[in-house]
Amino acid sequence: MLPYLSALSAGLALLAAPVQERGVTVEAPGFVLGGVPATITITLDESRAAAPFRITSATGRELVAGTLVPGDAIEVADLPLVKADLPLALRFGEDAADVIAVEPRFYPGWVSILPPLIAIALALIFHEVVVSLFLGVWLGALIYAGLNPITATLRAIDSFIWPALYDPDHVAIIMFSMLLGGMVGVVSRSGGTRGIVEAVSPLATTPRRAQLATYLSGLAIFFDDYANTLIVGNTMRPITDRLKVSREKLAYIVDSTAAPVAAIVFVSTWVGFEISLIGDGLRIAAGQSSTTPDAAAVLESASPFAVFISSIPYLFYPILALVMVALIIITQRDFGPMHRAENRASRGEGLFRDGAMLMVDTESSEMEPPDEAPRRWYNAALPVITVIVVVLLGLYLEGKSKLGPEGGSLLDIFGEANPFSALLWGSLFGCLVAIGLAVGQRILSVQAAIRGWIAGIRSMMLAFVILGLAWSLGEVTEVLGTAQYLTGLISDTLPVAALPGIVFVTAALVAFATGTSWATMAILVPLVIPLAVALGGGMDLSGGVSNPHLLAATAAVLAGAIWGDHCSPISDTTVLSSMASACDHVDHVRTQLPYAVAVALVALVAGNVLTALGIPVVFSYIVGITTLFLLLRFVGRHDLESPQFKD
């Protein structure tokens with residue numbers, strides 16, 4: 001036992017506790033990554049006098065110099081290091097006589113992408129998402145803990161999984177999902193689900209019509225991607241199931257009309273965040289040393305909202321993704337794994353493959369209605385409508401209260417609102433209405449309604465486990481600096497015309513590896529706008545709306561982030577789409593990925609490349625849409641035995 005305890009103690013020691021010597025405290029990371037700037041904090045004890053300091057590398061190169069002030073903490077950030085620089089030496093005092101060694105471990109920068117890359121690869125290859133995600137988290141903890149496997153196992157829990165789960169926004173998403181799942185359980189138990197299927201049956205008579213109804217519902221719920229995903233998936237699943245639409249196809253439609261719509265429509269929980277980032281980028285660009293006074297004045301006066309609105313035509317990926325879904329529904333042609341899934345479902349061989357690990361248990365007997373329960377469609381429709389109305393009203397009222405008496409536009413109001421509070425309010429009222437309808441009509445007793453509510457929550461436990469592990473892997477990528485490493489690949493010596501395409505690819509890789517579009521946008525937008533200006537993309541900016549290179553580069557960040565978030569198995573919206581559609585998560589990713597990659601390539605070439613060459617945006621969309629149609633026409637196939645071809 002003693003050797004194991006010694007190994008554990010040694011591993012914990014590698015986590016770089018602050019070093020205190022001669023009245024100076026140095027806080028440094030336990031490891032640094034090539035290409036990812038490091039941060040060191042130095043604090044001088046109040047009992048000592050002010051003293052100059054400098055940090056030198058192992059080769060004697062001076063990295064930074066300054067003066068230590070008693071009681072003040074100096075943060076040395078953005079410190080680029082290579083292996084030859086280590087160990088560092090902090091020299092301070094008279095004639096720099098006092099020296100403190102700073103000896104973090106060094107890893108190549110590419111190490112930071114290994115945890116998400118291996119987790120995603122294992123999930124796609126072995127169809128086992130829980131184990132794959134945990135292995136990704138553990139690998140990140142292994143790097144974090146100095147390659148000590150015992151410490152890594154402990155740190156996987158206390159440094160990554162636990163922090164991911166007590167994040168307030170993550171807790172809000174889980175609570176919203178739980179409440180919505182409970183609402184679905186009550187609706188199903190009271191017969192409302194079967195009632196809405198019977199009511200819609202005369203209209204949704206073919207798989208094509210069912211898919212079209214799902215698509216239009218996704219476009220209609222534009223104000224938030226989480227609400228869009230969970231409401232549309234749970235509402236339309238009984239209808240698409242009856243018409244033999246595969247769960248994979250349902251998850252694809254739900255996922256492809258969530259973030260793309262929320263990111264484009266100017267009244268949504270996304271757009272306020274995006275506009276704030278654009279404003280930050282414009283301010284940074286105005287203040288950089290290479291910006292001329294005239295250009296700085298223009299940038300400072302530019303409207304972030306005007307820049308966002310003007311950049312919408314350059315959002316090639318989300319717009320073409322919506323077009324792709326419509327083309328697939330109209331033509332009923334598929335290719336790759338989705339074609340096989342649709343053939344299986346249309347031939348009556350299963351809505352999901354044998355052995356699939358469904359994110360939600362839709363077969364629970366506790367959610368089945370009693371035989372005598374009436375099939376009333378409004379018992380399902382009213383709770384869903386309640387959720388939508390309360391969320392919209394909550395966003396409006398909370399945003400308005402934060403703006404104060406002066407008020408503001410609808411965009412300002414939605415931008416100020418906390419989406420998670422509104423989502424929680426809406427799902428809670430949806431539960432109350434569902435239970436009230438079931439009990440008030442004497443379809444269920446209070447106890448039976450609560451049992452149905454609990455069954456709905458219980459059916460989603462696997463999804464919560466996967467969601468928690470996905471967030472934990474996101475914590476790993478943040479600690480390892482994955483996004484910073486990938487972002488650092490952007491060069492400031494590029495021709496400005498090449499910037500949108502490279503930014504799109506970079507943003508896509510960052511979001512795919514980290515599983516988050518918002519963090520990707522937060523990192524890249526304030527970086528890309530000043531870069532575009534420095535490369536000459538902002539010199540003829542007029543009111544913030546007339547420079548195509550700046551607009552295209554800004555839109556490329558947003559579009560690339562949406563692609564990565566759309567495709568990544570560790571993205572919360574991808575997990576929620578699988579959850580709402582009761583689909584195997586890996587099957588959803590595998591069937592959606594070929595479509596998303598195809599659209600991304602078309603968006604990159606027909607959109608970013610052609611417009612960079614001076615081709616009008618309208619022509620780019622004509623080329624892009626035509627290419628997608630031809631792809632489905634000559635590569636896509638449909639099953640001629642499907643019901644929609646027997647009309």
Side-chain angles (χ1 to χ4, degrees), residues 9-107 109 112 143-146 155 159 163 279-281 283-291 293 296 300 478-481 483-485 487-488 492 522-523 526-527 530-531 534:
S9 177
L12 293 174
L14 287 169
L15 299 183
V19 177
Q20 294 179 315
E21 293 185 24
R22 295 179 289 281
V24 173
T25 301
V26 180
E27 297 179 66
F31 64 90
V32 295
L33 293 160
V36 179
T39 298
I40 297 175
T41 303
I42 311 165
T43 307
L44 181 65
D45 191 89
E46 292 185 353
S47 63
R48 292 203 51 166
F53 80 93
R54 58 194 179 97
I55 298 176
T56 59
S57 70
T59 60
R61 181 168 63 97
E62 184 176 288
L63 301 175
V64 66
T67 301
L68 294 174
V69 178
D72 287 351
I74 295 179
E75 184 177 84
V76 181
D78 298 328
L79 196 61
L81 298 174
V82 296
K83 189 173 184 179
D85 290 328
L86 302 178
L88 303 176
L90 170 63
R91 304 176 186 275
F92 60 97
E94 294 184 9
D95 300 322
D98 294 326
V99 180
I100 298 178
V102 180
E103 303 182 67
R105 283 174 168 258
F106 181 86
Y107 300 112
S112 66
I143 298 169
Y144 177 69
R155 291 308 184 198
S159 296
D280 292 341
R283 283 190 293 274
I284 294 171
Q288 63 188 1
S289 58
S290 60
T291 304
E300 288 173 351
E478 182 176 350
V479 169
L480 296 185
Q484 287 81 356
Y485 171 70
T487 301
D492 58 0
I523 292 169
L527 172 69
L531 181 58

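Side chains included, hydrogens not; waters and symmetry mates left out as well; all remaining heavy atoms used.
Between L33 and G109, the closest heavy-atom pair is CB-CA, 4.3 Å. Scanning all heavy atoms of the two residues, the minimum distance from P87 to E103 falls at CB-CG, 3.4 Å. What you find for L480 and F31 is that their closest heavy atoms are CD2-CZ, 3.5 Å.
Side chain of Y144 to main chain of R155: no donor-acceptor pair is present (N/O by atom type, distance under 3.5 Å, no hydrogens or angles).
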*Worked verdict on L68 versus I74 for side chain to side chain contact (heavy atoms under 4.5 Å, CB included)*: CA-CA 7 Å; L68 294 174; I74 295 179; 3.8 Å; yes

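Interatomic distance, L527 CG to I523 CD1, rounded to the nearest 0.5 Å: 9.5 Å.
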Side-chain donor-acceptor pairs under 3.5 Å in residues 55-63, sequence neighbours left out?
{"from": "T56", "atom 1": "OG1", "to": "R91", "atom 2": "NE", "distance (Å)": "3.2"}
{"from": "S57", "atom 1": "OG", "to": "T59", "atom 2": "N", "distance (Å)": "3.3"}
{"from": "S57", "atom 1": "OG", "to": "T59", "atom 2": "OG1", "distance (Å)": "2.8"}
{"from": "S57", "atom 1": "OG", "to": "R61", "atom 2": "N", "distance (Å)": "3.1"}
{"from": "R61", "atom 1": "NH2", "to": "D85", "atom 2": "OD1", "distance (Å)": "3.0"}
{"from": "R61", "atom 1": "NH2", "to": "D85", "atom 2": "OD2", "distance (Å)": "3.0"}

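None of V32, I42, L88, L86 except one satisfies the side-chain contact (heavy atoms from CB on, under 4.5 Å) rule with V102; the exception is L88.
Scored by the ring pair (Phe, Tyr, Trp, His ring centres under 6.0 Å) test, F53 finds no partners at all (sequence neighbours excluded). Contacts of D72 classified as side-chain hydrogen bond (donor to acceptor under 3.5 Å, both in side chains), with partners at least two apart in sequence or in another chain: none.
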